[in-house]
Amino acid sequence: MGKSSKDKRDLYYRKAKELGYRARSAFKLLQLNEEFHFLDDLERVVDLCAAPGSWSQVLSRKMFDEAEGDVQGKKIVAVDLQPMSPIDNVTTFQADITHPKTLSRILELFGNEKADFVCSDGAPDVTGLHDLDEYVQQQLIMSALQLTTCVLKPHGNFVAKIFRGRDIDMLYSQLGYLFKSVVCAKPRSSRGTSLEAFIVCLDYQPPANWSPKLDNNVSVEEFFHDCFVGINKLSLGDDSQLPEWHESVRTVAPFISCGGLDSFDSDATY
Amino acid sequence: MKDTFHVGPSLAVKFVAGDQLLCAVGPFLHIYNVTKNRLIHKVRIFKRNKVHGIAVSEDKLAIYGGKSVSLVSWEQLTGANDVSNLEHLSPEWIVSTEFDVTGQNVFLLTCYNMVLVVDFASGDVLQRNSLPNERSILYSGSIKVLDRDHVLVNAGTVMGGIIVWDLHTGTQLWNLLGHEGSIFYVTVSDNGKYVASCSDDRSIRLWDTFTGKELSLAWGHTARIWNLKFFDNDTKLISVSEDCTCRIWSVEHTAEGIELIAADTFEVHLTKNVWGVDVNEEKMIAATSGNDGRIKLIDLKQTTRMADEMEQFDIKAIEIHCNVRFAAGEIIKGFHCFEFGIVALTSGGHVLRYTFADKSWVLLFTDQRFLSYSITNGVTVASHNVVIFSNNNCDLLLVKFTDRGKIVDQGKALKVTGLAKTTNVMCTTGDKAEVIYVTVESPNPRDNFVILAIDSSTLEVIDRFNYGKPDSFVSSCVTVLDHYILVGSRFSTVAIFDLFNCAKNGVYRIDDLNIGDTTTSIEHVETKQCRHLFSVTNRDGYYSFLAIKFDNGISHEVIHSNKTVKGFLERAFYNDEGDYVTYGFKSRLFYMYNESKCYEIMHHMCGGAHRQWGLYPVGVKEYILVYIKASQLHVLRIHKPRVPEFLTAGLHGREIRDLSICPRARATNENEYLFVTGSEDTSIKLNTVDKLTGEVTTFWTERRHISGLQRTRFISDDLLISCSALEELFLWRVDDTFARGPYIHMLQSLPVATLNPDLRIMDFDVKFTASGSFILATVYSDSSIKMWHYDNESNNFNVCVETRYKTCCILNTRLIQFRDHLFLLITATDGHAVIYRVEQDNDDALPNGLAPVVSQRIHQSGVKAVDVKVTESTLTLYTGGDDNGVCVSVFQSVPAPAAGGFPGFELSRSEFAHSIASATVTSCQLFDKGSKLLTTSIDQIVRVWDASDDELPLKLIESQYTTIADTGCCDVVQGDSIVLIGGVGLSTWNM
Ligand SMILES: C[S@@+](CC[C@H](N)C(=O)[O-])C[C@H]1O[C@@H](n2cnc3c(N)ncnc32)[C@H](O)[C@@H]1O
């Protein structure tokens, strides 16, 4: 998009500065929350792909600064490939979330306790190869989801950034298998010209006959193999043959635009 | 619906025996015979996925892309047009495939660092190998089969590490650290000694496979690098990158150890990304494929293949050769190259000749008149090779040579009388071989500009023409057509001298053709219906085409103009294939560039444009570049290409943001339509599509915009408008009357509001008022709406209405004539459609205001696309949104509230079809007289809806997957059922 200094003039950018957020992304989480209220009464949360940390700031403010009762036992863990400068009440560390070891470390930090909210605003390096970029983005979400299945308590919520491309409906159907409700939401602070949107997955209800097991020698695809058997014949499983090509199950998640029409429009330039 | 033509990213190329090249083209493989430049076979490999790579072992192939893999024999591949029934799936994304030594088994490396060993014949998975604790995601990887027992797996991680492991023992050999960011490619040399890798950090690193040490770190690419390959017995490495170049590196043993040294750079694809590369080592040809869909071939020995390419002579060597003594400091002042050789003149007045046949220099004669100041020109007409020497004292010497370089008689000396001095002498010949025209210019503005007509066989002056010298005129190039001599000058001027009229009005002058540098060439292209077409180049990089009429006094029209990529432009011409070729200098390089197809033909490091040089055509498609560098005379033979320069030309390197088809068929071929594409890469291309084959051909790439295109649309049979960010909006005219092809010229740009325009013009629409004049509506990213009047007499835009919707970005606009009134529709990111009445004092007056009539929310968020159907009493909007839905809204006209008032609209019915797509709906287009609606969406499904009656909801007639990613625009040839779909690439469909 042009060579203009658009970001500098962006109203969300200015507002983020004003309110002390490290990135304009903060408003995406806030506007999603306006619609879905998933930030109320949180005890323990994980913020994946968190740098520079504006989502963690939002979480910290909601859970600690604005909290009324006891903050004892509350916990925020934030992870990113990039280093992050400290944020009050947030435990940060630097790691690759697609690496199985990272997930074990997060689990250790939580001890035996479960989290009630996991979010991921991750975006990998974009190569320009549309199908690869989309796959890697979905794998990032699947890594986040892998952790989520290990750490999220039943009825907990999960929010992640997606890019609505060719195969996004395959992801919807997988998420629908784990959560009661899956919605694709676009906050007004996310540019309409970008494919970015967020999946809001509410009410975690894993299949009864599946229990997640972290194993350093298992890839994300393998991890979910037994979980998605019902909808995903893709997996190799124990078969000794590569399966023939077949269309995968696809469902379209309902779309919700959030943030209210009176909020700023991120596509506008002045 | 059936897709007939596809151009889009090509991710891989692979040479196979017998001069064949396999090219991955979306889900297809195209097989070319490279030497014959022929497409032999097209075959669909996968149903939806793109082909990412190909492994070959004798007559077996393992083709992969995404999670798909196909194990096929050569026979299966070439025996059918579709082998997608053989498509199988891997559990994880495949990053590489390779055959084992026997060719019986295939290794599939997945992005989670697992290798599946698959039996080729049965498809059985024999083994699954992986490295303990290393299952994080990979961007790249490769498998190297050294022998039966040694198979290396090279895994490129996202954290900068390259994990090299042994497939059979399942042990890690190295985790090579040094790169920053994701590893985008890693490969091992055939001898197993080296690992080469590249990453996000733009460097290439060479590692020792046996010690794990980094041997060399090489920089050069200006963006990320996607692919590498060792060749020439592991002594060279070829790399391709996001920066559109392909580079050659040599692996050299130096005092420092083993180093990667940059050897050559080829500009091969359009912005941006070269994905695939392979080398045919026997022929030393490389093939590359890119995001632009181009398959490019590179002769890796272009300037060394025949070993006769380069000759160099210093003045001492020539002296010895000719057996003469030159004065101290004597240098070559000028030269001209003929088929037989070179004639040169030194600062000592020595006239020398070099003949190619016997590689010998001889002194022909010495002429004291041409001692210090001299100019050497030459022409070849019929069998006459004539050199013209001149000095600043009005002396000319004409010498004629035979085909073999022998001087014919003594030469002709003449003095041009009546001039104080001469600073420039140039010559040209027209269609009439018997005459050479020589222009003689004096620095004195009061002196005449003289043109001599000289008989090419006798060298006698037949005629002399004297003209008053035009003001601030310094001649720089010349050509002739009939009795008109066209002379280019500095400061972008061309003067036309009528030989039948030496009076003052016999000189016609064209000023300000371009920005203002020297006119470097003028060439006659063709003549059609008394319009003579000339190509004119300018040193500052601009070129234009002038249509000149000579009858009823001279008149001209610029029908094409453009700027070349960069550097100095010295000349341009059409080659045998009908492509426009430019040449000139880019910093220290001499280049030749195919402007029609947008690729560099050749380059040569010659030091720059300031030196003495000349390019001379010899034989068929051969050229000789002669230049002087470091006081040496260099002679470079540019041979006819040994291999085709490309197999398919490709289109834009980045997303096509909009496209528009000319409403009428081509003037020169009724089976073809002109269309324009506007891309994120900031260029506009003028193309044709053949309605029978779907084939697309590009003629011109206009580089006027400096920001990515937003919209481009034909507004009449020959006018089109394009707009983009930075408030750029250009009005263009297309001229399709000449045989060579269509031309496109920017007529006017819209005035910008501020010095530093920062707004995006999101969309526009026009309503013609009189012939050629129109009202234009523009909508902006800051919610403003403007209306303009374009007057075609004065070629001016004048603003008449400026207003604002709200604060959100407006995405679309349409001007709608409803009965006697003009309405303006806008749609915006807030999900609303708003209809305004355009206020005018009377029907013919210019707009002076906009009055909102109705505002209706029709989508949850941005209304991305709109088309409108107007009936007797309704306006129906068909819209597509960011909310994945299509909405049909019927607005009923309501009568004017009072006499003299205006009618309005209210929403009478609407139907929102939500979730019709799984991602943003990006375009809506009514066709077949409004009875059908075509939609495209990011989920890559093209849908056709029945819109014949306004019965809601819309009924889906047909839907089909398109291989064009980021599907964003479409257009339909009304009545001819050809559809163009644009995105990352372009496809032609037939309905
Ligand atoms: C858009 S930013 C997140 C912004 C953040 N939510 C905020 O509000 O400040 C995306 C982040 O994803 C991170 N990321 C991408 N791939 C990752 C991976 N594999 N593991 C961890 N972080 C990753 C990037 O480093 C980047 O900082």
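Reminder, nothing fancy here: chain letters follow the sequence lines and each chain counts from 1.
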Checklist entry - By a 4.5 Å heavy-atom criterion (distance strictly below it), what part of B:P9 contacts chain A: side chain, backbone, both, or neither? => result neither

Checklist entry - Within the side chain of B:E87, is there an N or O that forms a donor-acceptor pair under 3.5 Å with the backbone of A:W245? => result no

Checklist entry - Which heavy-atom pair separates A:L81 from B:M159 by the least distance, and what is that distance? => result CD2-SD, 3.0 Å

Checklist entry - What part of B:A828 lies closer than 4.5 angstrom to a heavy atom of chain A: side chain, backbone, both or neither? => result neither

Item to check | Proximity breakdown for A:L132 and chain B, heavy-atom pairs closer than 4.5 Å | outcome: both

Checklist entry - Considering only heavy atoms, which portion of A:L129 lies under 4.5 Å from any heavy atom of chain B: side chain, backbone, both, or neither? => result both

Checklist entry - Are a donor atom and an acceptor atom from the side chains of B:S182 and A:D125 found within less than 3.5 Å of each other? => result yes

Item to check | Winner by heavy-atom pair count (cut-off under 4.5 Å) against chain B, out of A:K186, A:K101, A:E222 | outcome: A:E222

Item to check | Non-hydrogen side-chain atoms of A:S219 and B:R135 separated by less than 4.5 Å | outcome: yes

Next on the checklist: Between B:L108 and chain A, with a heavy-atom cut-off of 4.5 Å, which part of the residue counts as in contact: side chain, backbone, both or neither?
Outcome noted: side chain

Checklist entry - Going by distance alone, is a donor N or O of one side chain under 3.5 Å from an acceptor N or O of the other, for B:T920 and A:R164? => result yes

Next on the checklist: Any heavy-atom pair between the side chains of A:R166 and B:D939 that's under 4.5 Å?
Outcome noted: no

Item to check | Region of B:Y780 that comes under 4.5 Å of a non-hydrogen atom in chain A | outcome: neither

Item to check | Portion of A:D215 that has a non-hydrogen atom of chain B nearer than 4.5 angstrom | outcome: neither

Checklist entry - How many angstroms lie between CD in A:E244 and NE2 in B:H88, if you round to the nearest 0.5 Å? => result 4.5 Å

Next on the checklist: With rounding to the nearest 0.5 angstrom, report the OG to CZ distance, B:S861 to A:R188.
Outcome noted: 8.5 Å

Checklist outcome for this item: Interatomic distance, CD1@B:I137 vs CG@A:L140, rounded to 0.5 Å, equals 8.0 Å

Checklist outcome for this item: Interatomic distance, OH@A:Y172 vs OG@B:S918, rounded to 0.5 Å, equals 7.0 Å

Item to check | For A:P100 against B:S136, the heavy-atom pair lying closest together | outcome: CD-N, 4.4 Å

Checklist entry - With only heavy atoms counted, which part of B:K47 is less than 4.5 Å from chain A, the side chain, the backbone, both or neither? => result side chain

Next on the checklist: For a 4.5 angstrom cut-off between non-hydrogen side-chain atoms, does B:E92 reach A:V220?
Outcome noted: no

Checklist entry - Does any N or O in the side chain of B:Q860 come within less than 3.5 Å of the main-chain N or O of A:C258, such that one atom is a donor and the other an acceptor? => result no

Checklist entry - Going through the checks in order, is the side-chain contact (heavy atoms from CB on, under 4.5 Å) test met by B:W93 and A:Q138? => result CA-CA 12 Å; B:W93 185 275; A:Q138 292 203 8; over 6 Å; no

Checklist entry - Donor-acceptor pair, B:K864 side chain versus A:G192 backbone, under 3.5 Å? => result yes

Item to check | Heavy-atom proximity to chain A below 4.5 Å, by part of B:E655 | outcome: side chain

Next on the checklist: Working note: A:V252 + B:H914, criterion side-chain contact (heavy atoms from CB on, under 4.5 Å); need CA distance, chi angles, decisive distance, verdict.
Outcome noted: CA-CA 10 Å; A:V252 179; B:H914 60 80; over 6 Å; no

Checklist entry - Is A:L242 close to B:L116 at the side-chain level, that is, under 4.5 Å between some pair of heavy atoms? => result yes

Checklist outcome for this item: Scanning both residues in full, the closest heavy-atom pair of B:A919 with A:G165 reads CB-O, 4.4 Å

Checklist entry - Does any heavy atom of chain A fall under 4.5 Å from the side chain of B:R654, the backbone, both, or neither of them? => result neither

Item to check | Choice from B:E242, B:K272, B:E134, B:H52 maximising heavy atom contacts with chain A below 4.5 Å | outcome: B:H52

Item to check | Heavy-atom pair count under 4.5 Å with chain B, highest-scoring of A:T102, A:T251, A:V126 | outcome: A:V126

Item to check | Donor on one side chain, acceptor on other, B:T829 and A:D265, under 3.5 Å | outcome: yes

Next on the checklist: Is it true that, when you exclude A:Q94 itself, more than 12 heavy atoms of the residues, nucleotides or ligands shown sit nearer than 6.0 Å to its CD?
Outcome noted: yes

Checklist entry - Which bit of A:T127 comes within less than 4.5 Å of chain B, counting heavy atoms only: side chain, backbone, both or neither? => result both

Checklist entry - Is it the side chain or the backbone of B:F46 that comes within 4.5 Å of chain A heavy atoms, both, or neither? => result neither

Checklist entry - Taking the side chain as C-beta and beyond, is there a heavy-atom pair between A:D131 and B:N49 under 4.5 Å? => result no

Item to check | Atom pair CG (B:L138) and CD (A:Q139), whose distance is rounded to the nearest 0.5 Å | outcome: 11.5 Å

Checklist entry - Given that the side chain runs from C-beta out, which part of A:H130 has a heavy atom under 4.5 Å from chain B: side chain, backbone, both or neither? => result side chain

Checklist entry - Quick one: what part of B:L131 sits under 4.5 Å from any heavy atom of chain A, side chain, backbone, both or neither? => result backbone

Item to check | Check: B:N133 main-chain N/O paired with A:N217 side-chain donor or acceptor under 3.5 Å | outcome: yes

Checklist entry - Between A:V218 and B:Y112, does a side-chain contact (heavy atoms from CB on, under 4.5 Å) hold up when you go through it step by step? => result CA-CA 9 Å; A:V218 155; B:Y112 283 109; over 6 Å; no

Item to check | Contacting region of B:N273 [heavy-atom separation from chain A under 4.5 Å] | outcome: side chain

Checklist entry - Got a donor-acceptor contact below 3.5 angstrom from the B:R760 side chain to the A:D267 backbone? => result yes

